Amino acid sequence: MTTPWSPTDFSAKVIEYYHAHGRKHLPWQGTQDPYKIWLSEIMLQQTQVTTVIPYFERFIESFPTVTDLAQATDDQVMQHWSGLGYYSRARNLHKAAQIIETEFSGVFPQDPETIETLPGIGRSTAGAIASFAFGQPTAILDGNVKRVLARSYAIEGWPGNGKVLKALWQRAETNTPQQETAAYNQAMMDLGAIVCTRSKPDCPDCPLSKHCLAYNSNSIEQYPGKKPKKARPSKSVYWLINIRQEKVLLHKRPPSGIWGGLWALPEVQQKEMSPDQIQQLDPFVHKFSHYDLQVQPLLLSSNADKALVEKNSHPSIMEPAQADWFSLNQLNEIGLPTPVSKLLVKLLEDS
DNA sequence: AACACGTGGGC
DNA sequence: TGCCCAAGTGT
């Protein structure tokens, strides 16, 4: 029967791993600039490191400081997030930058409770910023840490379950050391990303294997518990492609909902024009994590556009959507959903 | 508590 | 291929 790690021995092993094998040269490391650390933590939410790196570099180049970000336009910010997904992150980041400017005189707050009041920053991200930027002894609990802790202490159940999450936070708080917290937090994520991976973990090389309850009971595959499966629904839409004088008509999507704040092709549920006014392009399926979107792109003729523009420019009186015409160059200055961007690129290449 | 919210990598 | 899930948060 294996005895579990004591919090002290556990954190000592983790910190030792950091000095020997931890990642120390990612673009947001080697600095204590809270703005860069904050930006990286937001971009890294539910997003892999290799995906984030080029976005981070581009974003910092365009908005080097929180003041630059606060003063940027919505479209500029969304353009820099275009393709990264989870666009509420960008909207909240922008809002938070303006709050830091106005409420905190441009100085990033150091207290984790205050940090967590900023939009887009939850408990784990607040802990990461407080420890990395300000050396505070705050715990984090991302997917990597959840996996390492769930296996080390054989914490059963899916982390999306409230009780399981609470148990994981309890263990995270207990094991997080008061000293060298930043090294510990970084190493926990490194262990999860490099050694204690989702599939095929490298247990023989893991500094925690000696007292890892899952490893020593040969039940690594059981931890963390799996998310319950759900059927994925399907939605069908038509996308209207209206090109006049080298410009394409786009609509700005409302702030909430899918692709909020991005510019997309006008979308309708049903065709409302006669067949001679449209050209059906190749349909495709865009797969989200929570549903499939079946898209039928329709290329409009000049006769069809008037009624449709009128009909779709103002979906409701309360929330009029913005519509505008964009040239190819202007598409580089706004945020576009990935499938819209791909479709337009393909169309313009063919023409 | 359960679901919405994007996209791409890994197998 | 299709499925799982990734440095989570907001509602």
Side-chain angles (χ1 to χ4, degrees), chain A residues 22-23 26-29 36-56 78 81-93 95-96 115-129 131-132 139-148 157-166 168-169 172 182 185-194 196-201 221 224-233 235 253-262 264 285-293 335-342:
Chain A
R23 291 174 291 186
L26 294 169
W28 43 87
Q29 297 181 313
K36 288 184 181 171
I37 290 163
W38 169 42
L39 175 65
S40 73
E41 291 300 330
I42 301 300
M43 285 189 164
L44 287 161
Q45 288 170 0
Q46 300 289 284
T47 312
Q48 297 184 351
V49 168
T50 52
T51 302
V52 164
I53 289 174
Y55 282 87
F56 178 86
M78 299 317 289
W81 214 271
S82 193
L84 197 54
Y86 283 153
Y87 298 96
S88 66
R89 295 183 295 175
R91 299 192 301 273
N92 283 331
L93 188 80
K95 274 185 220 157
I115 294 174
E116 199 179 337
T117 65
L118 292 167
I121 300 181
R123 184 174 175 184
S124 186
T125 298
I129 296 169
S131 64
F132 293 140
I140 63 170
L141 189 62
D142 71 340
N144 292 307
V145 179
K146 286 173 185 168
R147 191 166 51 254
V148 172
W158 174 53
N161 176 289
K163 287 182 181 175
V164 178
L165 188 63
K166 189 174 178 182
L168 287 167
W169 265 115
N185 282 345
Q186 183 59 51
M188 284 293 282
M189 294 193 285
D190 293 341
L191 276 169
I194 298 164
C196 192
T197 48
R198 177 160 65 94
S199 58
K200 298 183 182 177
E221 302 305 325
K226 304 297 178 195
K227 179 181 181 169
K229 275 186 200 171
K230 291 259 166 74
R232 204 167 55 179
K235 299 183 188 179
R253 298 185 65 101
S256 64
I258 197 80
W259 296 329
L262 300 186
V285 180
H286 182 75
K287 291 174 178 304
F288 293 109
S289 46
H290 46 318
Y291 64 92
D292 287 351
L293 186 67
L336 296 171
T338 295
V340 173
S341 186
K342 285 181 177 167

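Below, read A as the first sequence line, B as the second, and so on, with proteins coming before strands; counting in each chain starts at 1. Bear in mind the structure is a predicted one, so any value in this text is a computation, not a measurement.
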Interatomic distance at P, C:dA7 relative to B:dC5, whole Å = 23 Å

What about A:R23, does its side chain sit under 3.5 Å from the base of C:dA7 through a donor-acceptor pair?
-> yes

Look at the side chain of A:W28 and decide which nucleotide, out of C:dT9, C:dA7, C:dA6, has an atom nearest to it.
-> C:dA7

Is the backbone of A:F288 close enough, under 3.5 Å, to the side chain of A:R232 for a donor and an acceptor to pair up by distance?
-> yes

Within less than 4.0 Å of OP1 or OP2 of C:dC3, is there a side-chain N or O belonging to A:K226?
-> no

Any donor-acceptor pair under 3.5 Å linking the side chain of A:T125 with the backbone of A:E41?
-> no

Measure from the side-chain heavy atoms of A:K230 and tell me the nearest of B:dC3, C:dT9, C:dC4.
-> B:dC3

Does the side chain of A:T51 get closer than 4.0 angstrom to OP1 or OP2 of B:dT7 through an N or O atom?
-> no

On DNA chain B, nearest-nucleotide positions of A:W158 versus A:G257: which is more 5'?
-> A:W158

Write down the distance between CH2 (A:W169) and C1' (C:dT9), rounded to a whole number of angstrom.
-> 12 Å

Would you say a side-chain N or O of A:R89 is under 4.0 Å from OP1 or OP2 of B:dG6?
-> no

Is a donor on one side and an acceptor on the other found under 3.5 Å between the side chain of A:R89 and the backbone of A:G120?
-> no

Rounded to whole angstroms, how far apart are CG on A:L141 and P on C:dA7?
-> 12 Å

Just call it for A:G83: base, sugar-phosphate, or nothing, with non-hydrogen atoms closer than 4.0 Å on any strand.
-> sugar-phosphate

Selection from C:dA7, B:dG6, B:dT7 that lies nearest to any side-chain heavy atom of A:I258 = B:dG6

A:T50 or A:G85, whichever maps to the more 5' nucleotide of DNA chain B = A:G85

Which of these nucleotides, C:dA7, C:dA6, B:dG6, is closest to any side-chain atom of A:Q48?
-> C:dA6

Side-chain N or O of A:H290 less than 4.0 angstrom from OP1 or OP2 on B:dA4?
-> no

Separation of atom CD1 in A:I42 from atom P in C:dG10, rounded to whole Å = 8 Å

Does A:G260 offer a backbone N or O that forms a donor-acceptor pair with the side chain of A:R91 under 3.5 Å?
-> yes

Could you tell me the separation between the CG atom of A:N161 and the P atom of C:dG8, rounded to a whole number of Å?
-> 18 Å

Rounded to the nearest angstrom, tell me the gap between atom OH in A:Y291 and atom P in B:dA4.
-> 9 Å

Where the side chain of A:W81 meets the backbone of A:G85, is there a donor-acceptor pair that is under 3.5 Å apart?
-> yes

Let me know the distance between CE of A:M43 and C1' of C:dA7, rounded to the nearest Å.
-> 13 Å

Atom CH2 of A:W81 to atom C1' of B:dG6: distance rounded to whole Å?
-> 12 Å

With the side chain of A:S199 defined as its heavy atoms from C-beta on, choose the nearest nucleotide among C:dC4, C:dA7, B:dC11.
-> B:dC11

Indicate whether OP1 or OP2 belonging to B:dT7 is found under 4.0 Å from a side-chain N or O atom of A:Y55.
-> no

For C:dG8, does either OP1 or OP2 sit under 4.0 Å from a side-chain N or O belonging to A:Q46?
-> yes

Classify the nucleic acid contact of A:L84 as base, sugar-phosphate or nothing, counting any heavy atom under 4.0 Å across all strands shown.
-> base

Pair A:W28 + A:F56: ring centers closer than 6.0 Å | yes

Looking just at side-chain N and O atoms, do A:S124 and A:D142 make a donor-acceptor pair shorter than 3.5 Å?
-> no

Do A:S289 side-chain and B:dG6 base share a donor-acceptor contact under 3.5 Å?
-> yes

Check whether the side chain of A:T47 and the base of B:dG6 form a donor-acceptor pair under 3.5 Å.
-> yes

Short side-chain N/O contact from A:K287 to OP1 or OP2 of B:dG6, under 4.0 Å | no

Roughly, in whole Å, what's the span from CZ in A:R232 to P in C:dT1?
-> 13 Å

Nucleotide nearest A:F288 (side chain, heavy atoms from C-beta), chosen from C:dC4, C:dA7, B:dT7 = B:dT7

Counting any heavy atom closer than 4.0 Å, what does A:I37 reach on the DNA or RNA strands: base, sugar-phosphate only, or nothing?
-> nothing

Within the structure shown, what part of the strands sits under 4.0 Å from A:P339 by heavy-atom distance: base, sugar-phosphate, or nothing?
-> sugar-phosphate

Report the nucleotide, chosen from C:dC5, C:dA7, B:dC3, that has the shortest atom-to-atom distance to any side-chain atom of A:V49.
-> C:dA7

Pair A:L293-A:V285, side-chain contact (heavy atoms from CB on, under 4.5 Å): steps then yes or no = CA-CA 6 Å; A:L293 186 67; A:V285 180; over 6 Å; no

Quantified in whole Å, what is the P atom distance between nucleotide B:dC3 and nucleotide C:dC4?
-> 15 Å

Is any side-chain nitrogen or oxygen of A:K342 closer than 4.0 Å to OP1 or OP2 of B:dG6?
-> no

